[in-house]
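We use all heavy atoms of the structure for the numbers below, so side chains are in, but hydrogens, waters and symmetry mates are not.
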Amino acid sequence: MKRLSDRVIDELIGICKGCIVDKSLTDEEIRFLEGWIAENSEFKELYPVNVFYQRIREILLDGIIDDGERKQLLSLLMEFTGAGQDNKRVKASSSLPLDHPLPKIVIPANSFCFTGVFAFGTRERCETETTLRQGLISKNVTQGTDYLVVGTMSSADWIHSSYGRKIEKAMELKQKKKKPWIVSEEHWTQHLV
């Protein structure tokens, strides 16, 4: 089942990238996404299908797609794929799962897990800076993880092009409880005082 869900998510990433290549969304593209989700309804509880399912349902509720809704969905698709953040050399990580509003990060006695590639330095350096401030390090996302810190750049090791298993696990846990907080590398570095 995991291999099938991975294939479905990779297909969704490809569809999203195709829809936003011209940095606009047509009614036909939005309805195509709706149809794709309907055809793959067994995955509508899976991140990120659940996010798109909810938003597209809200947009189509009144049967009219206005410019504001179109722009919001375009922004959501761009956040998910990391589009608009890419340059020729760097592939950006998805910013979609990041918590908003941004939580205050308390490092001492809290557990941190890191994923992605960091502009700050190696993952080991990020972990060291956290432990120097009495933070705890978790190699994997668990129920005891307080913060998942997502690096600015995507990792070649990620199962999908803009996110990986740690983000999937964090989103699964968030459906059951408030944590772990999912924060960007930039937000984490602002709390290294």
What residue among I105, L136, T131 forms side chain to side chain contact (heavy atoms under 4.5 Å, CB included) with F112? I105

Any side-chain heavy atom of [X] within less than 4.5 Å of one from [Y]?
{"X": "C126", "Y": "V149", "value": "no"}
{"X": "E168", "Y": "L46", "value": "no"}
{"X": "E129", "Y": "F120", "value": "yes"}
{"X": "K174", "Y": "I182", "value": "yes"}
{"X": "I20", "Y": "L74", "value": "yes"}
{"X": "T128", "Y": "R125", "value": "no"}
{"X": "L25", "Y": "I65", "value": "no"}
{"X": "D99", "Y": "H187", "value": "no"}

Identify whether the distance between the nearest side-chain nitrogen and carboxylate oxygen of [X] and [Y] falls below 4.0 Å.
{"X": "R165", "Y": "D6", "answer": "yes"}
{"X": "E127", "Y": "K139", "answer": "yes"}
{"X": "E172", "Y": "K169", "answer": "yes"}
{"X": "R7", "Y": "D10", "answer": "no"}

Closest approach of [X] to [Y] (non-hydrogen atoms, all atoms of both residues):
{"X": "E185", "Y": "T152", "value": "OE1-OG1, 2.7 Å"}
{"X": "S111", "Y": "G144", "value": "CB-O, 3.5 Å"}
{"X": "L98", "Y": "H100", "value": "O-CD2, 3.2 Å"}
{"X": "T115", "Y": "K166", "value": "CB-CD, 3.8 Å"}
{"X": "A170", "Y": "L148", "value": "CB-CD2, 3.8 Å"}
{"X": "Y147", "Y": "N110", "value": "CE1-CB, 4.0 Å"}

Donor-acceptor pair, distance only, cut-off 3.5 Å: does the side chain of R57 make one with the backbone of E34? no

How far apart are the C-alpha atoms of Q143 and K176, what are their side-chain angles, what is the distance that settles it, and do they pass the side chain to side chain contact (heavy atoms under 4.5 Å, CB included) test? CA-CA 10 Å; Q143 288 183 351; K176 299 173 188 168; 5.7 Å; no

As a quick check of understanding, evaluate side chain to side chain contact (heavy atoms under 4.5 Å, CB included) for Y47 and I9, giving each step before the final call. CA-CA 9 Å; Y47 171 81; I9 297 304; over 6 Å; no

Would you please test V49 and N40 for side chain to side chain contact (heavy atoms under 4.5 Å, CB included) and show each step? CA-CA 9 Å; V49 180; N40 295 280; over 6 Å; no

Derivation of the side chain to side chain contact (heavy atoms under 4.5 Å, CB included) call for F80 and V51: CA-CA 10 Å; F80 167 60; V51 175; over 6 Å; no

